[in-house]
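Presented below is the structure to which this report refers.
Because only heavy atoms are used, hydrogens play no part in the values below, and waters and symmetry mates are left out as well, while side chains stay in. The chain is numbered in sequence order, starting from 1.
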Amino acid sequence: MPLLLLLISMISCYETPSIVWFKTGNSHEEYLLNLDDSVSQNGKKSICLESKTSSPKEFGAIMQSCSTKEFLGKKIKMKGYIKTENVSNWSGMWLRINPIKSCASPYFDNMKKRPIKGSTNWTEYEITLDVPENSNSMNFGVLLHGTGKVWLDNLSFEILENSTERFDSLLSVGNSNHILLKPTNLNFED
C-alpha cells in the first residue's frame, strides 16, 4: 500500500484542532486530541493527547507530515517540550523520515528506549536523525501508549551537519504533493 494511502487509513481528523496536526495510531479512536489553551510550556496553547478508555488496546499519536526538501542530505535535530500526567505505559516524541514507496524506514525514533512514564513537568526532549538525500517526507509528533495524558509544545528543527545517507533507490521514486511544504505551527499558536 502506498505511504499516502497507509497514512490516510490511519489518520482521524474528527477532533483535529489544526489542519496541519492529526490524530493517528493503531488505537487512535481510543484517544482524544485537543488544543489546550490552559496548559502550555511557553505561549498560550499546547496540543494534548489523552486516553478515552481505561485500557486502550495499543497507542494513539499526534502527527504532522511534511516535505524533507529543506533538510535533504542533512543530519537534523528535532527538539520539543513534553508534559505528562498519569501515563500508565509510556509516551514519547517521534520522528520518521520516509521514502515515497514505503513507510518502513530505518530513520525512525519514537523514544521507546527512553520512555516517558507517570507524571512529569515540561521537559525538553530531542531526536537526531539523518535525512537521506533521496527522502520524500517526514512524520513527527508525540505518542501515548496506554492511559494518561501527554502535552506537546514548542517543537523546532535544527540542521546539524551534512549526511551522506541514502534510501535504497527502489524505495524512493517520485514525490508527493499531498504533504506540507515544511514543518508548520510548531508552537500551536496558529
Side-chain angles (χ1 to χ4, degrees), residues 3 6-18 20-36 38-43 45-66 75-98 102-131 137-158 183 185-188:
L3 173 63
L6 177 63
L7 291 175
I8 289 170
S9 70
M10 292 174 53
I11 293 172
S12 169
C13 301
Y14 310 116
E15 304 157 71
T16 303
S18 163
V20 300
W21 289 97
F22 302 93
K23 185 173 64 167
T24 187
N26 290 345
S27 297
H28 63 83
E29 68 283 349
E30 297 182 277
Y31 293 87
L32 294 172
L33 169 61
N34 296 300
L35 194 58
D36 194 329
S38 64
V39 176
S40 68
Q41 185 272 328
N42 182 11
K45 300 173 188 171
S46 65
I47 200 163
C48 179
L49 184 68
E50 67 178 299
S51 56
K52 293 194 304 189
T53 66
S54 60
S55 56
K57 294 179 193 86
E58 292 210 31
F59 73 95
I62 298 168
M63 175 185 142
Q64 185 176 128
S65 183
C66 71
K75 182 181 287 286
I76 63 170
K77 181 188 295 182
M78 178 178 81
K79 294 194 290 190
Y81 289 86
I82 295 175
K83 174 183 171 80
T84 61
E85 182 178 289
N86 301 322
V87 172
S88 65
N89 197 346
W90 70 281
S91 181
M93 193 167 64
W94 65 278
L95 172 62
R96 186 179 70 225
I97 310 300
N98 296 324
S102 172
C103 65
S105 174
Y107 304 97
F108 174 73
D109 185 349
N110 65 3
M111 295 181 54
K112 189 172 185 175
K113 293 181 180 176
R114 52 193 194 289
I116 305 166
K117 299 179 178 188
S119 296
T120 63
N121 204 350
W122 288 109
T123 304
E124 185 179 45
Y125 295 93
E126 60 185 52
I127 293 173
T128 301
L129 286 178
D130 287 290
V131 181
S137 65
M138 60 187 202
N139 298 314
F140 56 92
V142 69
L143 68 85
L144 176 59
H145 194 290
T147 58
K149 288 174 101 170
V150 60
W151 289 265
L152 178 66
D153 204 359
N154 293 313
L155 288 164
S156 64
F157 290 88
E158 174 186 355
N185 194 17
L186 302 179
N187 62 4
F188 307 100

List the atom of [X], the atom of [Y], and the distance in Å for their closest heavy-atom pair.
X     : Y      : answer
Asp36 : Val39  : OD1-N, 3.1 Å
Phe59 : Tyr31  : C-CE1, 3.6 Å
Cys66 : Phe140 : SG-CE2, 3.9 Å
Ser91 : Val142 : OG-CG2, 4.1 Å
Pro56 : Ser51  : CG-CB, 4.0 Å

With sequence neighbours left out, the residues meeting salt bridge (Lys or Arg N to Asp or Glu O under 4.0 Å) with Glu126 are Lys77
Rounded at 0.5 Å granularity, tell me how far [atom1] in [X] sits from [atom2] in [Y].
X      : Y      : atom1 : atom2 : result
Asn121 : Ile82  : CG    : CD1   : 13.0 Å
Cys48  : Ile62  : SG    : CD1   : 7.0 Å
Ile127 : Phe157 : CD1   : CZ    : 9.0 Å
Met78  : Met138 : CE    : CE    : 8.5 Å
Leu49  : Lys52  : CG    : NZ    : 11.0 Å
Leu152 : Gln64  : CG    : CD    : 10.5 Å

Okay, side chain of Ser46, backbone of Asp153: is any donor-acceptor separation there less than 3.5 Å? no
Can a donor-acceptor pair be found, under 3.5 Å and without considering hydrogens, that links the side chain of Glu30 to the backbone of Lys57? yes
In the structure I gave you, are the side-chain heavy atoms of [X] and [Y] within less than 4.5 Å of one another anywhere?
X      : Y      : value
Leu95  : Tyr107 : no
Ile76  : Thr128 : no
Tyr125 : Ile116 : yes

Going by the rule side-chain hydrogen bond (donor to acceptor under 3.5 Å, both in side chains), which residues pair with [X] if we only count those two or more places apart in sequence or in a different chain?
X      : value
Thr120 : Thr84
Lys45  : none
Gln41  : Asn154
Asp130 : Lys75, Ser163

ring-ring contact (aromatic ring centres under 6.0 Å, His included) with Phe188: which residues, sequence neighbours excluded? Trp21
Please list, chain by chain and in numerical order, all residues satisfying ring-ring contact (aromatic ring centres under 6.0 Å, His included) with Tyr81, sequence neighbours excluded. none
Contacts satisfying salt bridge (Lys or Arg N to Asp or Glu O under 4.0 Å) that involve residues 112-122 (not counting sequence neighbours) are Asp109-Arg114
Begin from the C-alpha positions of Leu155 and Met93 and carry the test side chain to side chain contact (heavy atoms under 4.5 Å, CB included) through to its verdict. CA-CA 10 Å; Leu155 288 164; Met93 193 167 64; 3.8 Å; yes
Considering residues at least two apart in sequence or located in another chain, which fulfil the side-chain contact (heavy atoms from CB on, under 4.5 Å) criterion with [X]?
X      : value
Ser119 : Glu85, Asn86
Ser88  : Thr147
Phe108 : Trp94, Arg96, Asn110
Glu50  : Leu32, Asn34, Lys149

